[in-house]
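Below is one structure, written out as structure tokens, with a few remarks after it.
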Amino acid sequence: MSLILSEQELVRRNALTELYQLGINPYPPEAYEVSASAENILLEFEANPEKFQEISIAGRIMSRRIMGAASFCELQDSSGRIQLYFKRDDLCPGEDKTLYNTVVKRLLDIGDIIGVTGFVFKTQMGEITIHVKTMTVLSKSLRPLPIVKEKEGQVYDAFTDAEQRYRMRYVDLIVNDSVKETFIRRTKVINSMRNFFNEQGYLEVETPILQPIPGGAAARPFITHHNALDIPLYLRVANELYLKRLIVGGFDGVYEFAKDFRNEGMDRTHNPEFTVLEIYVAYKDYLWMMDFTEAMLERVVKEVTGGTKVIVNGTEIDFQRPFKRIAILDAIHEHTGFDVAGMPENELREVCKKLGLETDPSMGRGKLIDEIFGEKCESHYVQPTFITDYPVEMSPLCKRHRLNPDLTERFELMINGKEIANAYTELNDPIDQRARFEEQMSLSERGDNEAMFIDQDFLRALEFGMPPTSGMGIGIDRLVMLLTGQTSIQEVLFFPQMRPERIRKALSPQDFIRIGVSEAWAEHLIKAGYTSVEAFKDEKAAVIQQKLNGYRKKNKLDLPAVQMDEIERWLTTPENTAK
RNA sequence: GAUUUGUUAGCUCAGUCGGUAGAGCAUUUGCCUUUUAAGCAAAGGGUCCCGGGUUCGAAUCCCGGACAAAUCACCA
């Protein structure tokens, strides 16, 4: 397939050819030794100028200012940007000034990756700059980058189109500094959590992503097929049941940063694949887990932001311990005035009606209560708040409450009106667990397609005996959103899911040669505006002749004018579609 | 899935009432030895997202489609 290239791409490809002709490999194989980064030069040069008299650095050219025998450009490495100063007679001390006159001034472009050696100095304008002694082309860039300029904090022509930023995240990362910061912080959050767990002696583990039964959560799974076994497999919607099997196996604490997959809608808080941290600790209950979660979050926020407060969308959120705690039924009472404790399903349905909430027959007690909470209460919890003691129907994997068997020992952590974490005193009674799964099955028969599948092997594991255990899961993407002030999940995922991009099929001169057009003319047909063979064949021969010969004259082609009988021949040749 | 908005040069965007498609940056050429959103002078660069319709004439009006964003629905 030939490419239709923009003028700027052609210029760069020509520069590439010229580099080869000068004996310069634009993609050299050798390692390039780097002794300094932009950041450490800028931070340390003034205090220790003698340390920077012979340095090497590599990076991408982000801007160029060319004068006669001197030029400046900005070099960007992973730590930041620094200015380079090229002076012709310093770069080319001998007679041959090609490296400066041709390569630096003409063949380098914004986006090229180069390495330089030289010494650091300060310009008359007061900018710390590298005076370049040698320059090596490390990678020629063939596509122009978006040009983002900045002066005194004001950004001009920012690269902001969300579609392009997400589809070409590499470009986004190159030209938009803050994007890199967001992702670095994401990794810091995860590292901070990992350190916290490891310090307690918990074990990081990996469990299957391809599961024969998609258990542990109620969600629509992605289905795939294993050829050798000839069975369906599901991408996990959760890893909970596998981690609990490991607790049965005798580990005291296990955790996993897991990619889970749910075949559901996408919006600014949902991506089909997302990251969840799940941790299970033996001999603990949900009260312990609340303390643990608070302590972990407070520490993570302090480590990552330096304080306990973050601002999201103008709202300040304080992660200072302790977080508020309220039982879900109290929360509903507080925000709706209805006391739904112990209320049977038909009365709950009435309450929903009075509150103006839609219900459908597939909803059991649990879903109805969840609906009321979600619609009427959730948004009130902006500061970190533990919502506790959910009704048993909503929580099939959670142990019944020690004081009230209609409730469970569960909490969700709400922050900024969104669920961030979910935790249980885990159900370890195999008889009750089986009964709860069966209850889920009957919900499923009523049409709730989110009810859970029964995992018989998991029940078998419980029958061998699982110690009392508390488990907790945190949506990492949403936590990172909070801690980076982002309001859309796409901003915290390097490569968010997008609809496939439609690639316009480029027409190749071959397509015209196939119908008998001479090689000399084929490429000019495309440039003259014929974008498909069909469109070309629909045109009248006289019109084509006029257009082509007009094009020939305008572009001063070194070709004989095209004759009518030749065009007639092209138009009557059947297209050979074989490739 | 619904509604709204958007899609014009490599990038960011104008484009009046339907009448030959524009700017800044970037690119090319020339000048310039410490510039910095470098400057000065000139030039080139377009499938106006795609397909239909209305019209003498469509970037512009109408219909359909693609993609994106926002809001909603969905989402323990």
Side-chain angles (χ1 to χ4, degrees), chain A residues 4-12 14-15 63-74 81 83-90 100 106 109-111 121-127 129 131 142-167 171 175 216-220 237-238 240 262-272 274 358 366-367 369-371 373-374 390-391 393-398 408 410 412 419 422 424 440 448-452 473 487-488 490 498-502 504 506-507 526 529-532 535:
Chain A
I4 299 208
L5 298 174
S6 69
E7 179 198 19
Q8 293 191 44
E9 288 172 295
L10 289 170
V11 165
R12 285 168 181 239
N14 290 339
S63 74
R64 306 201 310 143
R65 292 179 286 280
I66 301 203
M67 285 156 292
S71 359
F72 292 86
C73 67
E74 274 183 296
R81 289 188 186 187
Q83 180 167 267
L84 304 183
Y85 172 61
F86 293 91
K87 189 174 175 185
R88 177 167 53 208
D89 295 334
D90 288 350
Y100 181 79
R106 213 159 51 73
D109 287 294
I110 290 172
F121 74 110
K122 206 167 185 180
T123 65
Q124 288 173 3
M125 301 297 289
E127 179 150 348
T129 300
H131 189 123
L142 298 182
R143 276 181 193 261
L145 282 172
I147 307 293
V148 179
K149 295 205 169 181
E150 196 184 324
K151 187 185 189 182
E152 289 156 10
Q154 176 101 6
V155 177
Y156 298 81
D157 297 340
F159 180 61
T160 54
D161 184 275
E163 177 176 3
Q164 297 208 64
R165 286 184 49 231
Y166 301 154
R167 288 196 198 282
V171 174
V175 304
R220 274 173 63 193
V237 295
E240 170 157 2
R262 297 189 183 177
N263 204 342
E264 290 164 352
M266 290 161 56
D267 59 31
R268 69 178 200 293
T269 55
H270 295 85
N271 194 67
F274 58 101
E358 285 187 26
K367 274 229 148 188
I369 289 175
D370 190 36
E371 179 75 11
F373 181 78
Y390 286 65
E393 296 86 348
M394 292 170 69
S395 317
L397 298 165
C398 184
T408 54
R410 171 179 180 180
E412 287 196 353
E419 173 198 340
N422 182 23
Y424 308 145
Q440 288 286 305
D448 181 347
N449 59 13
E450 286 167 9
M452 293 186 191
T487 54
S488 116
Q490 285 99 325
M498 304 283 279
R499 267 209 175 71
E501 182 177 14
R502 195 178 42 151
R504 207 178 273 166
L507 197 63
I526 292 170
Y530 290 104
T531 54
S532 78

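Chain naming here is simple, since letters A, B, ... match the order of the sequence lines and numbering starts at 1 in each.
Annotation: the span from Ser395(A) atom OG to Asn422(A) atom CG amounts to 7.5 Å, rounded to 0.5 Å. Note that CD of Gln490(A) is 10.0 Å distant from CZ of Arg268(A), once rounded to the nearest 0.5 Å. Taken from CZ in Phe373(A) to CD in Glu412(A), the straight-line distance is 7.0 Å, to the nearest 0.5 Å. A distance of 9.0 Å separates CD of Glu74(A) from CG of Leu84(A), quoted to the nearest 0.5 Å. With rounding to the nearest 0.5 angstrom, the OG1 atom of Thr269(A) is 11.0 Å from the CZ atom of Phe274(A).
U36(B) atom P lies 8 Å from atom CE of Met67(A), rounded to whole Å. Remark: C1' of U27(B) and CZ of Arg64(A) are 10 Å apart, rounded to the nearest angstrom. Between Glu150(A) atom CD and C25(B) atom P the separation is 18 Å, expressed in whole Å. Rounded to a whole Å, the CD1 atom of Ile66(A) is 15 Å from the P atom of U36(B). Distance CG (Asp267(A)) to P (U71(B)): 9 Å, rounded to an integer number of Å. The CZ-P distance, from Phe159(A) to A68(B), rounds to 15 Å in whole Å. In this structure, Asn271(A) places its CG atom 16 Å from C1' of C74(B), rounding to the nearest Å. Per the geometry, CZ belonging to Arg167(A) stands 17 Å off P belonging to U7(B), to the nearest Å.
Among the protein residues, Gln490(A) comes within range of the sugar-phosphate backbone only, with heavy atoms under 4.0 Å from sugar or phosphate atoms but none that close to a base. Backbone-only engagement by Arg106(A) is indicated by non-hydrogen atom pairs under 4.0 Å involving sugar-phosphate atoms exclusively. Using a 4.0 Å heavy-atom criterion, one finds that Glu412(A) contacts the sugar-phosphate atoms exclusively. As judged by a 4.0 angstrom heavy-atom cut-off over every strand, Arg65(A) is placed among the base-contacting residues. Nucleic acid contact class of Arg262(A) (heavy atoms, under 4.0 Å, all strands): none. Note on Glu74(A): nothing from the nucleic acid sits closer than 4.0 angstrom, heavy atoms only. Base contact: Phe121(A) has a heavy atom under 4.0 Å from a base atom.
The P atoms of G19(B) and C61(B) are separated by 11 Å, rounded to the nearest whole Å. Rounded to a whole angstrom, the distance from the C1' atom of U54(B) to that of G18(B) is 11 Å. Distance noted for atom P between U36(B) and U47(B): 36 Å (whole Å). Rounded to whole Å, the separation between the P atoms of A37(B) and A42(B) comes to 23 Å. Here the separation of A38(B) from U33(B), taken at their C1' atoms, is 14 Å to the nearest Å. Nucleotides C72(B) and C56(B) are separated by 45 Å at their C1' atoms, to the nearest Å. The P atoms of U12(B) and G57(B) are separated by 34 Å, rounded to the nearest whole Å. Comparing the C1' positions of C13(B) and A66(B) gives an interatomic distance of 23 Å, to the nearest angstrom.
In this structure, U55(B) forms no base pair with any nucleotide, since neither Watson-Crick nor G-U wobble geometry is met with both distances under 3.5 Å. If you check A9(B) for Watson-Crick or wobble pairing at under 3.5 angstrom, you find it has no partner at all. Shown here, U47(B) forms no base pair; nothing in the strands shown gives a Watson-Crick or G-U wobble contact with both key distances under 3.5 Å. Pair assignment for U16(B) gives none, since no Watson-Crick or G-U wobble pairing has each distance under 3.5 Å. Nucleotide C40(B) forms a Watson-Crick or G-U wobble pair with G30(B), both donor-acceptor distances falling under 3.5 Å. If you check U35(B) for Watson-Crick or wobble pairing at under 3.5 angstrom, you find it has no partner at all. Across the strands present, A69(B) finds its partner in U4(B); the criterion is a Watson-Crick or G-U wobble pair with both atom distances under 3.5 angstrom.
Taking the 5.5 Å centre cut-off and the 30° plane limit, the aromatic side chain of Tyr156(A) is classed as stacked on A37(B).
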Verify side chain to side chain donor-acceptor pair (under 3.5 Å) between Glu127(A) and Thr129(A), making sure each step is shown before the conclusion.
-> CA-CA 6 Å; Glu127(A) 179 150 348; Thr129(A) 300; 5.2 Å; no

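Here the nucleotide nearest the side chain of Asp157(A), chosen from C72(B), U36(B), U12(B), is U12(B). Taking only side-chain atoms of Gln8(A), from C-beta outward, the nucleotide of A26(B), A70(B), U34(B) with the closest atom is A26(B). Residue Glu127(A) places its side chain closer to U36(B) than to any other of U36(B), G10(B), U33(B). Counting only heavy atoms from C-beta on, Glu419(A) has its side chain closest to A76(B) among A68(B), C72(B), A76(B). Across U33(B), U36(B), C25(B), the shortest atom-to-atom separation from the side chain of Tyr85(A) is found for U33(B). Closest to the Glu7(A) side chain, of the nucleotides G44(B), C67(B), U36(B), is G44(B). Closest to the side chain of Ile147(A), from the set A76(B), A70(B), A26(B), is A26(B).
Using the six-membered ring where Trp is involved, Phe72(A) and Tyr85(A) have ring planes that are tilted, between 30° and 60° apart.
For Lys149(A), no side-chain nitrogen or oxygen approaches OP1 or OP2 of U36(B) to under 4.0 Å. In terms of phosphate contacts, Arg81(A) brings no side-chain nitrogen or oxygen within less than 4.0 Å of OP1 or OP2 of U36(B).
Residues Lys122(A) and Pro146(A) both approach RNA chain B. Their nearest nucleotides, taken by heavy-atom distance, put Pro146(A) toward the 5′ side. Summary of the strand contacts: Asp370(A) and Leu145(A) both lie near RNA chain B, and taking for each the nucleotide with the nearest heavy atom, the more 5' one is attributed to Leu145(A).
Residues passing the side-chain hydrogen bond (donor to acceptor under 3.5 Å, both in side chains) test with Arg499(A): none are found, sequence neighbours excluded.
Checking each of Val171(A), Asp161(A), Thr160(A) against Pro146(A) for a side-chain contact (heavy atoms from CB on, under 4.5 Å) leaves exactly one that passes, namely Val171(A).
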